[in-house]
Amino acid sequence: MPTSASVTWPPSLWAATAPAGPALNPLEGDIQADVVVIGAGFTGLSTAIHLRESGVEVVVVEAAEPGWGASGRNNGQVIPTLAGHDPSAMVARHGEAGERFNAVLRDSAQYLFDLVRKYDVPAEAEQAGWIQPVHSPGRFKLAEKRVREWSAIGAPVELLDRAAAAEMLGSQAWFGGFWNRTGGHINPLALARGLAEVALKLGATIHARSPVGSMAREGDRWVVRTAKGSVMARALVLATNAYTGEFERGLAPEVAEEVIPVLSWQMATKPISDNIAKTIIPGRQAMSDTHRELYFARWDARNRLVTGGAAVFPGAGGNNLRGPVGERLKRLWPQLGEVSFDYVWSGYVGMTPDDVLKPQVPGYPRIHQLGPNGFGWVGCNGRAVALSISLGRELAHATQGASLSTLGLPLSEPRAQPVQGLLRRIAPFALPLYRALDAKEI
């Protein structure tokens, strides 16, 4: 019988509320498949589902359990944009491949919600839209630019003046913004576990609690090895993102060293009374504004505001964030009164800055061909929920020989971050810079 022994979950709202995941066995012995996928987060599970929809044999090997990493720890906002780069930037960087990527990203939120509906995944999905309000008058020009660029390629975006933003958000704290109707939010761990169930029902094999120690091309096959077994396959997808190298330092070091894993803290309030909740983001959209420090919030299915924060010294279990983030929520929505949190947890965000001397400039996703029929990506930079599902589809097509000139995969060579280990330790100290830049008008 399958077992699900011994994985420690973060003390998150999602771990407390998501349906139980499937019982899975570790990998033991030597097996074969057409495609092997490393990592059972959103990208890996989406890849497996799309392969099985085409009748392709696939084995997924996961170090912990489906959704244990960033896929099950994030805020659950479904956002069809990058953190700081508009469509023109992707085209300038990658040409026609950037145009195809923009189309994938544009449709990524809609695709996620359609997939959830198709397979009836119990993910607490609410496609209420996503709002990006601006936190200073001068930043309204950012909203105008983003609406102009995304409208030009067919995204359902709309500019919000200050009055419209205040009505949608239930707060006078912002100066307008824009929104995308296809966005929304989900319970991310419930989505990950639900996608694992879908993949299994379609005939995929998933092995849990099996950290991969190495992946290598041997002859005309990929061989993935764990402590107790191996998978030999024609094609490979590396879907470990910020956790590449966290369990086994020797796994894909050329990829692991180009991403800086940065702790992101998530927080969920106690349930808010209905009479107050209906005055705060009454349409239940997801919201993340233009602060570099990241001001964000969304409702969950139990009337909790799910938000988060950052600190140079977060304290044990993020306790140092409770007071400041509570005060922030009171400033944004005074009708809340005193704020307390039932859940505080953290997980890694995969950051891939181009210039470590400019940490305020968000990175780009980095998508790689790792060898014949071998692909992977890192660098969600805080926007992976929607994108990872659609990239899983694209990666599945790539492993089956689809022409790369038809896919939304702007490929690049892995490029390590200089002194990556040091950057990981000092990353929180960029917070004062972010705050100083946020305080300046543009």
Side-chain angles (χ1 to χ4, degrees), residues 42-43 70 74-94 97-114 126-135 139-160 165 168-169 174 176-186 188 241 264 285-298 349-354 360-367 377 379-394 408-410:
F42 291 152
T43 300
N74 63 80
N75 195 256
Q77 296 203 26
V78 182
I79 303 173
T81 70
L82 297 180
H85 300 297
D86 297 322
S88 61
M90 285 300 297
V91 175
R93 187 179 179 90
H94 292 291
E99 292 180 354
R100 295 192 298 273
F101 175 87
N102 286 338
V104 168
L105 181 59
R106 176 198 63 205
D107 299 336
S108 61
Q110 186 64 51
Y111 192 79
L112 181 151
F113 286 111
D114 286 346
E126 296 187 48
Q127 193 175 11
W130 168 69
I131 304 171
Q132 184 173 54
V134 299
H135 73 273
R139 284 174 172 80
F140 192 71
K141 63 174 68 96
L142 292 178
E144 292 177 317
K145 179 177 185 292
R146 286 167 183 169
V147 167
R148 185 169 59 249
E149 290 211 17
W150 284 106
S151 294
I153 63 170
V157 292
E158 181 179 333
L159 195 65
L160 303 171
M168 293 182 73
L169 296 167
W174 291 281
F178 81 103
W179 76 303
N180 185 310
R181 297 175 184 274
T182 65
H185 50 85
I186 43 87
N241 201 3
S264 171
Q285 295 90 352
M287 183 281 291
S288 51
D289 79 1
T290 52
H291 280 93
R292 289 179 176 84
E293 186 183 345
L294 298 183
Y295 284 36
F296 55 92
R298 44 72 55 106
V349 175
M351 308 299 287
T352 49
D354 280 356
Q360 72 275 20
V361 180
Y364 289 87
R366 299 189 182 182
I367 304 170
W377 83 286
C380 63
N381 295 284
R383 293 286 173 84
V385 174
L387 178 59
S388 58
I389 301 296
S390 288
L391 284 184
R393 177 196 64 214
E394 300 294 286
L409 298 175

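Computed from a predicted model, the values in this text were never measured in an experiment. For reference, positions follow the sequence shown, starting with 1.
In this structure, Val349 and Cys380 have side chains that are in contact, with non-hydrogen atoms separated by less than 4.5 Å. At least one side-chain heavy atom of Arg146 sits under 4.5 Å from a side-chain heavy atom of Thr290. Taking the side chain as every heavy atom from C-beta outward, Asn381 and Leu82 never approach each other to under 4.5 Å. Contact annotation: the side chain of Phe42 approaches that of Pro188 to within less than 4.5 Å [non-hydrogen atoms, C-beta and beyond]. In this structure the side chain of Ser108 never reaches within 4.5 angstrom of the side chain of Arg383, judged on heavy atoms.
Looking at Ser388 and Trp377, their side chains never bring a donor and an acceptor atom within 3.5 Å of each other. Counting only N and O atoms by type, the side chains of Trp150 and Asn180 include no donor and acceptor under 3.5 Å apart.
Here the closest heavy-atom approach between residue Gly184 and residue Ala286 is recorded as O-CB, 3.4 Å. Nearest heavy atom pair, residue Phe296 against residue Ser288, reads CB-CB, 3.8 Å. Here the shortest heavy-atom pairing between Pro133 and Met287 reads CD-CG, 3.7 Å. Contact record, Pro87 with Ile153: CG-CD1, 4.0 Å, taken as the closest heavy-atom pair. Counting all heavy atoms, side chain and backbone alike, Val134 lies closest to Ala143 at CG1-CB, 4.0 Å. Between Ile389 and Leu112, the shortest heavy-atom contact is CG1-CD1, 3.7 Å.
Side chain of Thr352 to backbone of Tyr364: a donor-acceptor contact under 3.5 angstrom is found. With hydrogens and angles disregarded, no donor-acceptor distance shorter than 3.5 Å links the side chain of Asp86 to the backbone of Ser88. A donor-acceptor pair under 3.5 Å is absent between the side-chain atoms of Gln132 and the main chain of Phe178, judged by distance alone. Gln77 places no side-chain N or O within 3.5 Å of a backbone atom of Trp130 that could act as its donor or acceptor partner.
Remark: Arg139 pairs with Glu441 by the salt bridge (charged side-chain N to carboxylate O under 4.0 Å, His left out) rule, at least two apart or across chains. Residues passing the ring-ring contact (aromatic ring centres under 6.0 Å, His included) test with Phe113: none are found, sequence neighbours excluded. Legend: residues meeting side chain to side chain contact (heavy atoms under 4.5 Å, CB included) with Glu158, ordered by chain and number and at least two apart, are Trp179, Arg181. When the side chain to side chain contact (heavy atoms under 4.5 Å, CB included) test is applied to Val104, the partners found at least two apart in sequence or on another chain are Ser390, Arg393, Glu394. Scanning for side chain to side chain contact (heavy atoms under 4.5 Å, CB included) contacts around His94 gives Met90, Ala97, Pro410, with sequence neighbours left out. Partners of Glu126 by side chain to side chain contact (heavy atoms under 4.5 Å, CB included), not counting sequence neighbours, listed by chain and number: His185, Arg284.
Within the model, atoms CD of Gln360 and CZ of Arg292 stand 6.0 Å from one another, a figure rounded to the nearest 0.5 Å. Annotation: the span from Thr81 atom OG1 to Glu149 atom CD amounts to 12.0 Å, rounded to 0.5 Å. To the nearest 0.5 Å, the span separating CD1 on Ile79 from CG on Leu387 amounts to 11.5 Å. The line from CG of Leu391 to CG of Asn241 is 10.0 Å long, rounded to the nearest 0.5 Å.
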Problem set entry | Verdict with reasoning, Tyr111 to Thr182, per side-chain contact (heavy atoms from CB on, under 4.5 Å) | CA-CA 9 Å; Tyr111 192 79; Thr182 65; over 6 Å; no
